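Down below is the structure, laid out as structure tokens.
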Amino acid sequence: MSGPGIQLPPDDPRIKILNIIRPPAFFLLCAGSLSILFNVLQVVLFIFKIPSPFAPAEAAQAGGVFELSWYFVLSVTAAILCGTLAVWAALSAMQLKGYGLATLGAITALFPSLPACFISVPVAVWMLFTLRRDGVREAFRN
């Protein structure tokens, strides 16, 4: 079998579970990466004082950029941490290691970080439902 993660022989009993867990784990990896990317981009836009493309033209000409606030700092920091946890959990799930980490990563992917939340929320729910299937927890133990 090709793809990221652990490579099991065809006669291994965990191969069925790996085939079940690999798609949502891969998409969780993508969603976490997008969350990190969008939030780093938001910080770069703030540092270089680039106005938002969604701001009205008058506000952009008057220097209408993000203002440093605790909300901005906390939301960007939390989103980057949640994205990092989601990526780490997805990589761990592809190796069939760390059931608790995979669950935590899927839960943290539910953190509403725009615009990545439109992708990460359905993927996280899919991952959580997949982790609750019969035999998945036992495959992570072996």
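No experiment lies behind these values; they were computed from the predicted model shown. Along the sequence shown, residues are numbered consecutively beginning with 1. Any value given below was found using the heavy atoms of this structure, including those in side chains, with hydrogens, waters and symmetry copies removed.
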Legend entry - From Cys117 atom SG to Leu34 atom CG, the distance as rounded to the nearest 0.5 Å: 11.5 Å

Legend entry - Shortest non-hydrogen separation from Cys82 to Phe111 and the atoms involved: SG-CB, 3.9 Å

Legend entry - Beyond-backbone contact of Gln42 with Phe72, side-chain heavy atoms, under 4.5 angstrom: yes

Inset, instruction - Decide side chain to side chain contact (heavy atoms under 4.5 Å, CB included) for Val43 and Asn39; before the verdict, give the C-alpha distance in whole Å, the side-chain angles of both, and the deciding distance to 0.1 Å. - result: CA-CA 6 Å; Val43 170; Asn39 284 286; 5.8 Å; no

Legend entry - Value rounded to 0.5 Å, distance of CG in Leu8 from CG in Asn19: 9.0 Å

Inset, instruction - May I ask whether Leu28 and Tyr99 are part of the same hydrophobic cluster, defined by side-chain heavy atoms of I, L, V, M, F, W, Y residues being less than 4.5 angstrom apart, directly or through others? - result: yes

Inset, instruction - For Leu37 and Leu41, run side chain to side chain contact (heavy atoms under 4.5 Å, CB included): C-alpha distance rounded to whole Å, both residues' side-chain angles, the deciding distance at 0.1 Å, then the answer. - result: CA-CA 6 Å; Leu37 176 75; Leu41 179 66; 5.6 Å; no

Going by atom type alone, with no hydrogens or angles, which donor-acceptor pairs under 3.5 Å involve a side-chain atom of residues 120-133 and a protein atom two or more places apart or on another chain?
from   : atom 1 : to     : atom 2 : distance (Å)
Ser120 : OG     : Ala109 : O      : 3.1
Ser120 : OG     : Ala116 : O      : 3.2
Thr130 : OG1    : Trp126 : O      : 2.8

Inset, instruction - Could you tell me which non-hydrogen atom of Ala93 sits nearest to which non-hydrogen atom of Ile21, and how far apart they are? - result: O-CG2, 3.9 Å

Legend entry - Other ILVMFWY residues reachable from Leu74 by side-chain steps of under 4.5 Å: none

Legend entry - Connected via hydrophobic side-chain network under 4.5 Å: Ile107 and Leu81: no

Legend entry - Nearest-0.5 Å distance, CG of residue Leu85 to CD1 of residue Ile80: 12.5 Å

Inset, instruction - Could you pull out the closest heavy-atom pair between Thr108 and Ala86, with the gap in Å? - result: OG1-N, 4.1 Å

Inset, instruction - If a pair satisfies salt bridge (charged side-chain N to carboxylate O under 4.0 Å, His left out) and one of its residues is in residues 5-14, list it, with sequence neighbours excluded. - result: Asp12-Arg14

Inset, instruction - Report the C-alpha separation of Phe26 and Met94 in whole Å, then their side-chain angles, then the decisive distance to 0.1 Å, and conclude whether the side chain to side chain contact (heavy atoms under 4.5 Å, CB included) test is met. - result: CA-CA 8 Å; Phe26 174 74; Met94 287 182 195; 3.7 Å; yes

Inset, instruction - Would you kindly confirm whether Ile47 and Val40 end up in one hydrophobic cluster when ILVMFWY residues are joined by side chain heavy atoms under 4.5 Å apart? - result: yes

Legend entry - Spatial distance of atom CD1 (Ile119) from atom OG (Ser35) [nearest 0.5 Å]: 10.0 Å

